[in-house]
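Down below is the structure, laid out as structure tokens.
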Amino acid sequence: MELKGPHYKDYMKRAVVKPDRKVHLSDFDTGWAQSENLKDLGEKKAQKLLEEMLAENRKTLKKVQEILYADQGYAILIILQGMDTAGKDGTIRHVMSGVNPQGCRVSGFKVPTAEEHSHHFLWRCNPLLPRRGEIGIFNRSYYEDVLVVKVHPDRLEELPDQYGHRRDGFWEGRYEDINAFEKHLVRNGTVILKFFLHISKKEQKKRLLDRLSEEDKYWKFSLGDLAERNHWDQYTDAYEKMLYATSTGYAPWFVVPADYKWVARTFVADVIVSAIEGLNLSYPRLTESEIDELKKAKRTLESE
Ligand code: AMP
Ligand code: MG
């Protein structure tokens, strides 16, 4: 897959999952030394550089979001997935901190309710999708239905036997549904960017222990996270198959090195800014007669 447009940088292109090649997450680095350039700088200077980039991108994002809103043509859908503690919440907080909340909506996907389970698995995301002019962020998403549910098929909704997960090709069917759904969104003006925040098992242990280090952080710790950690290899397998099957030219997956928060956040912000800049949007132009009307309105107000 090729990322279109000059706005995408080489490091982004390297992090995109190519649909024609099987994914082995062990081939993707989780650390900070992502390029020769960064390696030469060393960790401290690399961190400083990336933090400056993030600050710059935040300012740019604020500007391009305004143009996106004024243009009212495109919607931006950002999907964040990753193992527990991968940094989804923090990334959203840091990347989006400067943008106008009116044009941005964050939706978290929890265990489905009974009502949600009584519909098909893509149903619940529909009312949460961004409108034209908006940025919508999914903190987890319908991809949970081929990840946690694949690792724990007992969490699958009731389906008639001939449609259930024991049927051959059940998960492939879901990948196909997702691809078709995303194609539909893209064809109707949504830009989709999907980020897998890739952390090492070692870093997860550190982050879980950190949550147990002081009482103010206990709320972040869930015993469930520890149980899921025991399924690390099954999750890795589910992620690899999902990334391979659903990274498409129109809705690519980026594998984001996420052991260092300053790397992951800068990466995500940089891709979002590049994608929106690549749309080459500009503020809507008024016609001559519309401008004349505005000038008349100004004179009327001034002569009050
Ligand atoms: P958190 O992101 O920490 O708030 O946790 C949300 C939890 O909901 C995670 O454990 C997810 O795996 C779980 N979850 C989200 N979507 C689904 C789904 N479709 N089926 C089962 N569990 C889900
Ligand atoms: Mg959690």
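All ligand and atom numbering here is 1-based and tracks the order in the structure.
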Original post:
Under 6.0 Å between ring centres, would you say that holds for F267 and W262?
Top reply: no

Original post:
Does any N or O in the side chain of H165 come within less than 3.5 Å of the main-chain N or O of W171, such that one atom is a donor and the other an acceptor?
Top reply: no

Original post:
Do Y239 and F196 have their ring centres less than 6.0 Å from each other?
Top reply: yes

Subject >> Donor-acceptor under 3.5 Å (Q81 side chain, L197 main chain) >> reply: no

Original post:
Are the side chain of H94 and the backbone of G90 linked by a donor-acceptor contact shorter than 3.5 Å?
Top reply: yes

Original post:
Pick from L281, I135, T190: which one makes a side-chain contact (heavy atoms from CB on, under 4.5 Å) with Y74?
Top reply: L281

Subject >> Shell of residues surrounding ligand 1, defined by a 4.0 angstrom heavy-atom cut-off that is strict >> reply: F109, K110, V111, P112, R124, R140, E144, D145, V148, V149

